[in-house]
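In what follows, a single structure is set out as structure tokens and then discussed.
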Amino acid sequence: MTALGPRPGPRTERLALPGVLSPEQVLRTVEGIAAVQRADGAIPWFRGHHLDPWDHIESAMALDVAGEHERATAAYRWLARHQNPDGSWYAAYPDTPDGVAATDPADCGRESNFCAYVAVGAWHHYLSTGDDAFLDQIWPTVFAAVEFVLGLQQSGGQIGWRHRADGTVDPDALLTGSSSVYQALRCALAIAEHREEPQPDWELSAGLLGHAIRHHPERFLDKHRYSMDWYYPVLGGAVTGAAAKERIEEGWDRFVVPGLGVRCISPNPWVTGGESCELALALWVMGESDRAVDILRWIQPTLRAEDGMYWTGYVFEDDAVWPEERTTWTAGSLLLAVAALGGDEATTAVFGGERLPRGLDSNCCG
């Protein structure tokens, strides 16, 4: 992998957002993520900590928006090499010294949304690079992952959240996870369409899942205190238009702390960078860029560290960052939100969703 240059270039200048990030600050953040990436392509939360497939992909997508395509490619190659025979990945892998292969996963469970997200990352990487050879190479990985995830879909359309380490399946569904899977299925269908390899079963599954998210909250575990369950149906593309606006307004005062960011869990006095940046992305999806910029601006004084990385969260009653960790995926979510607001075509395509297939209409479903 090539080293990052010492000065901001066209990509970092494009990611700059007045009042939020300068080109130099963007470069520092990109350098921070790159410094954590291992020589084998893996991107742990931070060095010495574990990595999980979803956050690894989020960081790879951030590298792509910064023009670090070789690094992003290495991250996807790591995924392809570590995919299990059934199409899954384990929930967590230990960080290891460069060049040392991990022999045992840190968590042998296999989570549906972690596995599905490769479709989002793969489509984003292709749209960022136009690399057809990459898409040919990653397609079997994406196909196997989607097949594994759809094996966990329940009769009501929702996706069971986890294949346990003991081999049994937890059929309970998480609204956040299923919403992320919905976005991933649409990206997988876009890849299949581009390759002229239609997948009608995936279309049906996506339609059933979208219907469940929009109309059947009782099919999901009750996690209403978590802000992700509030905004993820919008961010994942299942809830749109007036329904999206109504959903966000209903939870705004419960989760948003003006001037600071977004609570992870209500009513806890803890705002987190990942949730704040993801809400900003959801607001952009809704066409509310001004509010999205406000959220991103609020988190800079408390969550941005001197090295350009971002603390996971801030406990405002104690005026303290917590936990004391600067995570690649928090920085990655910020760069993706900034990229969407700046009109980056690949990022707007996978999160805006106008050109993504929606699956078969399932309004007839109970």
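Below, all heavy atoms of this structure are taken into account, side chains as well, without hydrogens, waters or symmetry copies. Counting begins at 1 with the first residue of the sequence.
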Original post:
What is the distance from atom CZ of F351 to atom CE of M61, rounded to the nearest 0.5 Å?
Top reply: 4.0 Å

Subject >> Short side-chain to backbone donor-acceptor contact, Q37 and R71, under 3.5 Å >> reply: yes

**OP:** Sequence neighbours left out, what passes side-chain hydrogen bond (donor to acceptor under 3.5 Å, both in side chains) with S179? Give chain and number order.
**Re:** none

**OP:** Using the test salt bridge (charged side-chain N to carboxylate O under 4.0 Å, His left out), find all partners of D307 that sit at least two apart in sequence or belong to another chain.
**Re:** R326

**OP:** Output all residues satisfying side-chain hydrogen bond (donor to acceptor under 3.5 Å, both in side chains) with D290, sequence neighbours left out; order by chain, then residue number.
**Re:** none

Subject >> Heavy atoms of other groups near E218 CD, more than 12 under 6.0 Å >> reply: yes

Original post:
side-chain hydrogen bond (donor to acceptor under 3.5 Å, both in side chains) with H49: which residues, sequence neighbours excluded?
Top reply: none

**OP:** Can you sort out the partners of Y226 under side-chain hydrogen bond (donor to acceptor under 3.5 Å, both in side chains), two or more places apart, ordered by chain and number?
**Re:** none

Subject >> Distance-only polar pair, side chains of S266 and W230, donor-acceptor under 3.5 Å >> reply: no

Under 3.5 Å, which donor-acceptor pairs do the side chains of residues 136-143 form with other protein atoms, sequence neighbours left out?
| residue | atom | partner | partner atom | Å |
| --- | --- | --- | --- | --- |
| D136 | OD1 | R195 | NH1 | 2.7 |
| W139 | NE1 | E197 | OE1 | 3.2 |

Original post:
side chain to side chain contact (heavy atoms under 4.5 Å, CB included) with W322: which residues, sequence neighbours excluded?
Top reply: W270, V315

Subject >> Any residue meeting side chain to side chain contact (heavy atoms under 4.5 Å, CB included) with S205, in chain and number order, not counting sequence neighbours >> reply: L150, Q153

**OP:** May I ask you to check whether E58 and Y117 show a side-chain donor-acceptor distance below 3.5 Å?
**Re:** yes

N/O donor-acceptor pairs under 3.5 Å from side chains in residues 329-339, not counting sequence neighbours:
| residue | atom | partner | partner atom | Å |
| --- | --- | --- | --- | --- |
| T330 | OG1 | T327 | OG1 | 2.6 |
| S333 | OG | W329 | O | 3.4 |
| S333 | OG | T330 | O | 2.8 |

**OP:** Tell me yes or no: between the side chains of D64 and H69, is some donor less than 3.5 Å from an acceptor?
**Re:** yes

Subject >> ring-ring contact (aromatic ring centres under 6.0 Å, His included) partners for H194, two or more places apart >> reply: W123, Y126

Original post:
Listed by chain and number, what are the side chain to side chain contact (heavy atoms under 4.5 Å, CB included) partners of T73, not counting sequence neighbours?
Top reply: R77, H125

**OP:** Check for a donor-acceptor pair, side chain of Y310 on one end and backbone N or O of T29 on the other, with a separation under 3.5 Å.
**Re:** no

Original post:
Quick one: do the R219 and Q154 side chains pair a donor with an acceptor below 3.5 Å?
Top reply: no

**OP:** Please list, chain by chain and in numerical order, all residues satisfying side chain to side chain contact (heavy atoms under 4.5 Å, CB included) with D107, sequence neighbours excluded.
**Re:** A91, A92, R162

